[in-house]
Each structure stands twice: as structure tokens, then as C-alpha cells.
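Okay, structure first, notes after.
Each chain gets a letter, A, B and so on, in the order its sequence line appears, and its residues count up from 1. Just the heavy atoms: all of them, side chains too, but no hydrogens, waters or symmetry mates, feed the values below.
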Amino acid sequence: MVKSIRFWLIDLNDGEFDGQRSIFLWGVGEDGRRILLLDKDFRPSFYLLLTDRAKTELILKQLADISTEIDLIAEFSLETKKLLGRECPAIRVRYSDTSKAQRLAARALRLKGLDSAYELDIRPSQLYLLGNEVAPCSWHEAEVSEAAGSHGYAVSRIYYLHGRPRRQNDITYPQLRVLAFYLVCAASKGTPDPKRDPILAISIKTEKGVQSFTAEGENDSDVLAAFTSAIRREDPDIVVGFRCNSRDWSYLTSRATLHGLTLNISRAMTTPHPSIFGHFSVTGRLDVDLSDLMHDIPEIESDTLEALATYFGASPEKGFLSLDEFSISGSWADAQRKGETTKAAEQRAHALYDVCSKAMDFILQLSSLTRLPGDHVLTAAVGFRVDTYLMSRAKMRGELIPPREERSYLSYAGGLVMNPTPGIHRQVAVVDFRSMYPNIMIAYNISPETLVRGGSSSIDDVSVSPEGGHKFVKKPRGFLPSALLDLMAERKEVEKLAGQVHSEPEIRILQAREKALKVISNATYGYTGWLGARWYSKEVAESTTAWGRSLITRVSEIAKGMGLLVIYGDTDSLFVSHDEKRTKELLQRIKRELAFDVRVERIYSMVIFTEAKKRYAGITEEGTIEIFGLEAVRSDWSAVARQAQREILGVLLSDKGKKAAQAALDEIVSNVRSGRVPLEDFILWKTTTKPLSEYTVRAPHVEAARMLEERGWIVKPGDRVGYLVTKTVKTTGSRVSPYRFTSVEQVDKEYYVKEQILPACNRVLEVIGPES
DNA sequence: GCCTGAATAGTACCA
DNA sequence: ACTGGTACTATTCAGGCG
């Protein structure tokens with residue numbers, strides 16, 4: 001019996017059911033039941049571009065012959081598609097077997113009258129999302145008939161789909177079950193090694209509360225078994241960890257293999273398996289690694305769970321209990337240590353749970369917007385998010401999706417950065433363009449297919465970019481501008497809605513939706529200059545920045561023409577001398593003459609510039625100090641130097657004069673020399689960007705990392721290395737030492753005074769006149 | 001071999 | 001692993017000097 005149901009799509013994959021290839025859609029029904037919907041009728045397809053229409057019949061026959069030869073079940077049909085805006089005939093090939101389809105394409109492209117294959121580089125489950133009105137983390141309506149039994153899957157119903165599900169315009173989501181987990185491993189010699197070091201504890205947090213499984217002695221097989229059954233019992237929709245993709249899942253799998261156990265925790269009773277974007281897939285559930293979230297939040301300085309939790313206000317009231325795996329090893333038999341460690345792990349599982357519930361709206365909205373499944377969307381880099389979003393738009397418009405191509409790097413000019421006027425300035429307005437690059441792309445219709453190659457077009461029909469002289473047709477609206485317009489229009493609408501709605505979950509969801517829209521529209525310009533982009537176009541990227549440079553230059557000229565002082569400018573912002581009346585006039589003139597939206601982003605009652613670009617500090621009228629680019633906000637400077645510079649800036653910006661600042665500096669220096677500073681404040685943190693063996697110079701942080709490696713620590717690209725400069729006199733080599741093996745007595749304080757504190761502070765003090 | 005200034009490597013910032 | 005523009009430190013290297 002066929003009936004209509006509503007469901008929310010959690011995850012999807014393609015696999016086999018009853019010996020038949022099917023798309024598996026894992027969802028939550030309106031009644032809260034966890035369900036599996038099977039689409040047995042979906043066949044992915046790719047396209048072959050037809051260059052010679054007269055040969056169609058012949059080509060179709062040849063294609064059929066090849067398929068028979070390679071034993072591929074395929075259907076062919078002639079369709080009219082668009083390629084970069086131009087209509088063109090294409091042969092659609094519906095196929096059942098991906099690798100055979102690739103073989104068919106390889107041979108087909110040798111035939112006369114065919115040119116390039118499209119959409120063969122996209123996975124079937126992704127094609128399913130793109131080609132239909134189906135989106136992850138969204139509500140759908142579908143016609144289904146119920147299958148008997150649950151076939152061993154962890155769902156309460158299985159349905160066969162009749163036709164495709166249809167996405168509904170509803171941004172809410174059902175009550176989802178979340179399970180957060182945190183792993184503590186023994187670390188007998190540096191970084192825990194799954195071959196050697198057992199898992200000492202796993203803490204999990206669900207709606208019901210916190211629970212821990214701890215190893216008896218060195219045997220963690222019970223821990224693994226308890227964790228497995230806990231997941232099956234709790235049946236979460238979302239499994240949340242921290243570094244679970246880069247560490248926990250493979251650690252768990254390795255330990256399980258060692259004990260001959262199986263971590264069959266997915267809804268298909270399979271084990272977590274590595275998938276695309278360096279991600280682990282737990283079929284039917286969303287595996288969310290919250291460490292990925294930090295790439296989206298630059299405000300979080302250190303890349304730790306504790307910093308993430310603090311940012312989201314999810315830390316325990318009295319702070320986290322310390323958890324140093326290195327020191328636990330060997331003392332696990334001690335009941336008190338064991339208890340403390342377990343408590344610390346529980347705090348972290350709890351914090352992850354809370355962070356997840358606060359970040360969930362954004363993750364789900366981003367997934368639903370881009371159509372990247374909820375567990376991929378955080379792991380996928382910004383470029384892939386834009387890529388997927390554009391792919392779904394292309395599909396809906398009958399546009400062929402361009403393949404990802406190998407390209408060589410070509411540089412182009414970016415934003416304009418002006419030389420600042422050094423010194424202290426009072427009453428300064430920062431005027432900036434709102435969403436400059438997206439608006440430029442819309443205004444000049446900049447897109448790969450609106451670009452005119454060759455010079456035949458009439459000058460009235462095109463916009464010509466400054467400097468590069470690239471031409472873009474004014475009509476019809478381009479692919480990227482139309483995407484940006486939609487994104488910005490929806491953003492405005494969502495903003496408006498958020499202002500009208502007052503109930504708590506709805507407001508949060510709307511704000512998250514807005515953030516997702518913003519992320520995609522802001523990244524689109526950069527995306528066009530990215531070699532990996534399907535819609536890569538250097539001309540598009542460089543024209544966008546060229547118009548940007550021209551705009552900011554004109555703003556600067558207008559300001560100067562009005563007798564305002566232009567103190568600094570970078571890309572889309574301009575610092576000008578401020579008084580109420582003339583700033584207002586400036587804005588009006590810009591709007592009138594340039595037809596772009598500008599606003600006063602900030603008014604500083606005082607701002608300090610050195611001679612350097614991209615580095616300044618200001619104080620607002622409310623007394624908030626903001627620092628950009630200077631040492632005080634650089635994570636690779638020591639805390640002593642950063643704090644010192646911050647303090648000096650504080651004195652100067654509260655108008656206490658240079659002498660007072662100098663006095664404050666003297667005190668800081670003597671305090672450091674007299675030795676009342678903790679070790680942590682001297683640590684220098686730097687990130688390694690590649691394997692240690694690839695470094696060509698003996699950089700300090702690399703030397704420190706090598707010392708760590710000697711002691712059993714594994715330093716991977718992207719890891720932060722903390723080190724100190726010590727007094728050790730060595731004839732050659734460096735004077736650095738990894739922080740966990742250094743005592744404060746070894747620290748070379750003179751280095752920190754002369755090479756850290758004084759340069760950072762003097763840079764600022766030097767630009768201040770003696771009388772200030 | 002030692003000193004010095006220029007070139008290069010490396011990182012993290014701003015927009 | 002979205003872009004280019006930028007500052008800054010430490011290391012490395014080339015060249016002058018004795």
C-alpha cells in the first residue's frame with residue numbers, strides 16, 4: 001500500500017539491499033521513528049557532449065555496442081543541456097556500475113562527434129542529492145510502501161520509495177539524539193600508540209547524562225565492548241567527538257582489531273569507515289568532529305577542546321580538571337588518579353555535548369544549504385562547500401557541471417593596501433563597503449560564462465574591468481551573480497524574519513541560516529581564484545579585485561576632495577578623519593556617485609598606526625580597545641610580549657601620554673627580570689605546516705618538534721609546538737627546548753626582554769611624539 | 001674563520 | 001585544504017676582511 005510520509009533526512013549512502021543497488025536514505029519520521037527509505041530506481045547518469053548532431057544515430061549505436069562489450073547496463077537518451085550558459089546537445093548515459101561507466105566514457109571519447117564527459121566525477125549518492133529536490137538535514141515528503149521487518153538494520157521501519165522525495169520549505173528539525181564521547185588513552189612513551197597503549201577510559205554524554213567505561217588494568221576490551229553496546233542502546237543520530245576523525249575512530253578500530261572485536265555501531269551494523277574529506281563515516285548516523293568547527297571560528301586562539309568549550313560557554317563552572325595523558329600512564333592502578341581522570345573525561349564529553357547543541361543549528365543549516373551531508377560539511381573545506389552549492393544550482397538549471405581539472409597556478413593582483421600615516425590620530429571613522437566582492441560580481445555580472453573572449457561585442461553591452469580590460473556581458477544574468485543574488489536576498493529575508501519572530505528555537509535557526517548564507521556568499525570570490533574550483537576563472541577573480549581597487553581608490557579621492565584626511569585603507573575599508581557632519585556627507589556622496597552600499601563600520605576616538613600596513617590599534621568611544629595585526633594579537637609571540645604591548649597600547653590609548661607608557665614598560669621589564677613570571681608566559685607556539693623531514697632550515701619550532709619526536713611524540717603537520725628559548729650555551733644548533741621538558745629556571749629571560757618585549761613595545765612607542 | 005648585510009624560509013596575520 | 005597583500009624573525013648564504 002502506497003502512502004505519503006514526511007521525514008527529515010539524516011544521512012544517505014548507496015549500497016545493496018536484497019541484492020539490488022539502492023540509495024539508502026536514513027531519516028527521522030514525523031512521529032520520531034528512525035526509518036530507512038530505499039530508492040531502488042535511482043540510476044546515476046553522466047553526459048557526453050555531442051559535437052556532431054548528424055552522427056547521433058551512429059553514435060548511439062556505437063555506444064550500445066561498447067556497453068554490450070563491457071557488460072554495462074546503460075540507457076542512452078539525447079538531451080539539450082547548457083554548458084556555461086550555451087545550449088548544447090548531449091547524450092545522457094544512465095548507468096548502474098560506476099567503474100564500467102568510466103570505461104565506457106574512456107572509449108566513447110575516442111569516437112568522432114563526441115567531446116568530453118560530464119558529471120562522471122561525482123559519487124552516485126552525491127548525484128542523488130544534486131539531481132533531485134533532496135537535501136540533507138531537511139524535511140521531505142515522499143510516497144512510500146512499507147517493507148516487512150527491519151532486515152537487521154537499527155531502524156524501526158523500512159520503506160520503499162515510489163518516486164523521489166520532495167524537499168519541503170521548512171528549516172526546523174526534529175528532536176535529534178546526540179551522543180558525545182571522549183577517549184583517554186595511555187601514553188607510555190609520548191603520543192599514544194594503539195599497538196602499545198590501551199584505552200583507559202571512554203566517557204559518553206547523552207540526554208540521559210554522563211557515563212564512563214574504564215579499563216581494568218591494561219585491558220580495554222571491556223571498554224570497547226561497553227562503548228559499542230552503549231551506542232547501540234542509545235541509538236544516537238549524531239555522534240560527537242573531538243579529533244575523532246583524525247584520531248579516535250582509527251584508534252578505536254585498531255584496538256578493537258587487536259582484541260578480535262567488531263565496532264559495529266552504525267545503523268547498518270557496520271564499523272566506522274574512512275570516507276571522503278578525511279572523515280569517518282558511521283552509516284545512518286552523523287559523525288561530527290567538533291575540532292573541525294574551529295576552522296570556522298578564527299576567534300578561538302588555541303586549537304583545544306577546552307578553548308572551544310570556553311568560546312561556546314560550555315565549560316564546567318569551576319573550569320576543566322587537568323587531563324595529561326602522559327602523566328596518567330603508569331598510575332592507572334591508583335584509584336584516586338583513575339577517579340580524577342574519569343571525572344576529567346566526563347567533563348569533556350559533557351562539554352562536547354553542550355557545544356554540539358549550540359553549534360547544531362549552524363551545522364544543519366550549512367548542510368541543508370550546500371547539500372553536503374551533515375557529517376561532511378564541517379570537514380569539507382570552504383572551497384568544497386561553495387563547489388557543492390554551485391553544483392546543486394547548476395543541476396537545477398540544466399547546466400552541466402564542469403569537471404575538476406588539473407591547472408597550473410597563475411597569480412593575479414588582489415586588494416589595494418594603502419600606506420598608513422604613522423602616529424596617533426584622534427576621531428577617525430572607518431568607512432567600509434558591505435559585502436564588497438559579492439556586490440561587485442553582481443553589479444558587473446562577473447561570471448565565467450559572461451566573460452567575453454575575443455573583441456566583437458558592442459561596448460554598450462559589456463562592462464570592462466579596470467586594469468585587466470576583461471569584458472563581461474551585462475545580460476543575461478550570469479551563473480555566479482545569480483547565485484550571489486539569491487544568497488543575499490535570502491539573507492535579507494532571513495534577517496527580517498529573525499526580527500519578527502520571537503520564539504527561541506526559531507530565532508536561533510534563522511540566525512544560523514543567515515550565517516550559512518554569509519559563509520557561502522563571502523567565499524565565492526576566493527573560490528573563483530582557487531585551482532580546485534569547478535567554476536575556476538582567473539579572469540573572474542582578477543576582475544573582481546580590479547573593480548574593488550578602483551572603488552576604494554575613488555572613495556579615497558572623494559574623501560580627499562572634501563578635505564578629509566585619509567589615514568589608511570585596506571581592500572574595502574578606508575580610515576578618514578571624522579566629524580559627524582562631514583562623514584555623513586561622505587557616505588551620501590559615495591552612495592550617489594558609486595551606487596555601492598557603504599557604512600561607517602567604526603569610529604575610533606583614538607587610533608595608532610606604525611609605518612606597517614595591516615597593523616594598528618584603536619579605542620572606540622565606548623572605551624573598547626581593538627588591536628589588529630600587532631604582536632599583541634599574534635599567537636606566535638610569547639604571552640609576556642603580547643601582554644606588555646597590550647598594556648602599553650592601553651596606556652597610550654587612554655591618553656595618559658608616552659612617559660606613562662614608558663614607565664609601564666620599565667616596570668614590566670624589571671618584573672620579568674626579577675622572575676615573577678610563570679613558565680607558560682614565555683612559551684612560543686608555532687604550527688608545523690609539513691612533515692618535519694621536509695623542512696630545509698633549522699627553524700626553532702622545528703628543532704623543538706624534533707626533540708619531541710626523539711621522546712616518542714608524533715608531530716604531524718598542523719600540530720602546534722610550544723617551545724622556549726633557554727640559557728643553554730651551545731656552540732652550534734639552537735637554544736630552544738620543548739615546553740613540557742623545560743623549567744622556568746632554564747628560560748633565557750634576556751632573550752624575552754630584548755627580542756620579544758622591547759621590540760613589540762618600542763614599535764608602538766616610536767611613532768608617538770615625545771609630547772603626547 | 002669571522003663578521004655583515006642580503007636573500008630566503010617560515011608563520012600568522014588583515015581584508 | 002577560498003584569494004592576495006603584508007610584517008616580521010631566524011636561518012642561511014655570499015662576500016669582504018685578515
Side-chain angles (χ1 to χ4, degrees), chain A residues 276-279 292 295-296 298 301 378-387 389-390 404 409-420 430 432-438 519-538 540-546 548-549 552 568-575 601 610-616 626-638 641-642 684-690 692 694-703 705 717-718 720-721 723 725 732-736 751 754-756 759-760 763:
Chain A
I276 52 162
F277 301 130
H279 160 267
D292 290 328
H295 304 141
D296 292 289
E301 274 191 21
L378 282 192
T379 315
V382 187
F384 290 104
R385 296 178 189 169
V386 177
D387 218 34
Y389 172 72
L390 293 175
R404 181 158 288 129
Y409 172 76
L410 296 164
S411 77
Y412 65 91
L416 176 73
V417 189
M418 301 175 183
N419 276 313
V430 185
D432 71 5
F433 286 90
R434 293 183 89 143
S435 306
M436 185 199 233
Y437 287 153
V519 163
I520 300 302
S521 66
N522 284 352
T524 301
Y525 142 72
Y527 165 87
T528 63
W530 171 47
L531 290 180
R534 289 176 189 270
W535 280 272
Y536 168 83
S537 167
K538 196 192 96 151
V540 163
E542 85 182 338
S543 303
T544 305
T545 58
R549 291 192 297 276
I552 197 70
Y568 177 63
D570 184 349
T571 311
D572 62 354
S573 69
L574 202 73
F575 291 60
E601 218 265 329
T610 68
E611 304 216 326
K613 297 170 173 179
K614 298 191 183 275
R615 299 178 160 225
Y616 58 92
E626 295 175 332
I627 306 172
F628 297 90
L630 290 163
E631 286 75 4
V633 295
R634 286 188 62 98
S635 58
D636 55 350
W637 280 69
S638 61
R642 303 174 58 182
L684 298 165
W685 290 97
K686 271 200 174 71
T687 309
T688 56
T689 57
K690 51 189 176 188
L692 299 187
E694 285 174 24
Y695 281 90
T696 53
V697 295
R698 295 166 65 90
H701 70 296
V702 179
E703 289 303 297
R720 287 176 84 82
V721 180
Y723 64 93
V725 177
T732 52
S734 60
R735 306 139 67 204
V736 300
Y751 166 83
K754 288 206 184 87
E755 309 296 336
Q756 291 264 315
R763 233 189 294 286

* Asked: What pairs with A:F277 under ring pair (Phe, Tyr, Trp, His ring centres under 6.0 Å), at least two apart in sequence or on another chain?
  -> A:F384
* Look at A:H701 and B:dG10 and indicate whether a side-chain polar atom (N or O) is within less than 4.0 Å of OP1 or OP2. => no
* Minimum-distance nucleotide (side-chain atoms of A:P700 versus C:dT11, B:dC14, C:dA7) -> C:dT11
* Asked: Of all residues at least two apart in sequence or in a different chain, which pass the salt bridge (charged side-chain N to carboxylate O under 4.0 Å, His left out) check with A:D387?
  -> A:R404, A:R534
* Can you name the side chain to side chain contact (heavy atoms under 4.5 Å, CB included) partners of A:K613, sequence neighbours left out? -> A:V417, A:N419, A:P420, A:Y568
* **Contacts of type side chain to side chain contact (heavy atoms under 4.5 Å, CB included), residue A:K754, not counting sequence neighbours** => A:E750
* Structure fact -> So OG1 of A:T545 and OH of A:Y437: to nearest 0.5 Å the spacing works out to 5.5 Å
* Under-4.0 Å side-chain N/O to phosphate OP1/OP2 contact, A:S635 with B:dC13 -> yes
* Asked: Which is true for A:W637 with a 4.0 Å heavy-atom rule: it touches a base, it touches only sugar-phosphate, or it touches nothing?
  -> sugar-phosphate
* Is any side-chain N or O of A:R763 closer than 4.0 Å to OP1 or OP2 of C:dA7? -> no
Hey, what are the protein-to-nucleotides 1-4 of chain C N/O distances that come in under 3.5 Å?
from, atom 1, to, atom 2, distance (Å)
C:dC2, OP2, A:G383, N, 3.2
C:dG4, OP1, A:Y409, OH, 2.9
C:dG4, O3', A:Y412, O, 3.3
C:dG4, O3', A:G414, N, 2.8
C:dG4, N2, A:K614, NZ, 3.3

* Does A:A541 have any side chain to side chain contact (heavy atoms under 4.5 Å, CB included) partners at least two apart in sequence or in another chain, and if so, which? -> A:Y412, A:Y525, A:T528
* **A:E611, CD: over 12 other non-hydrogen atoms inside 6.0 angstrom** => no
* **Residue A:E631, side-chain heavy atoms: nucleotide from C:dC8, B:dA12, C:dT9 that is nearest** => C:dC8
* Nearest-Å distance for atom pair CZ/P, residues A:R735 and C:dT9 -> 15 Å
* Structure fact -> Checking C:dA10, C:dA7, C:dT9 against the side chain of A:P759 (C-beta onward), the nearest is C:dT9
* To do: Would you classify A:Y616 as touching base, sugar-phosphate or nothing, given that sugar-phosphate means primed atoms plus P, OP1 and OP2, and contacts are heavy atoms under 4.0 Å?
  => sugar-phosphate
* Across the strands shown, which category fits A:T544 at heavy-atom distances under 4.0 angstrom: base, sugar-phosphate, nothing? -> nothing
Review item, nucleotides 3-9 of chain B N/O atoms under 3.5 Å of protein N/O:
from, atom 1, to, atom 2, distance (Å)
B:dA9, O3', A:T696, OG1, 3.3

* **Whole-Å distance separating the OH atom of A:Y723 from the C1' atom of C:dT11** => 12 Å
* List for me each residue that meets salt bridge (charged side-chain N to carboxylate O under 4.0 Å, His left out) alongside A:E755, sequence neighbours excluded, and say none if there are none. => none
* Structure fact -> With sequence neighbours left out, the residues meeting salt bridge (charged side-chain N to carboxylate O under 4.0 Å, His left out) with A:K538 are A:E542
* Asked: Between C:dT11, C:dA7, B:dA12, which nucleotide gets closest to the side-chain atoms of A:R698?
  -> C:dT11
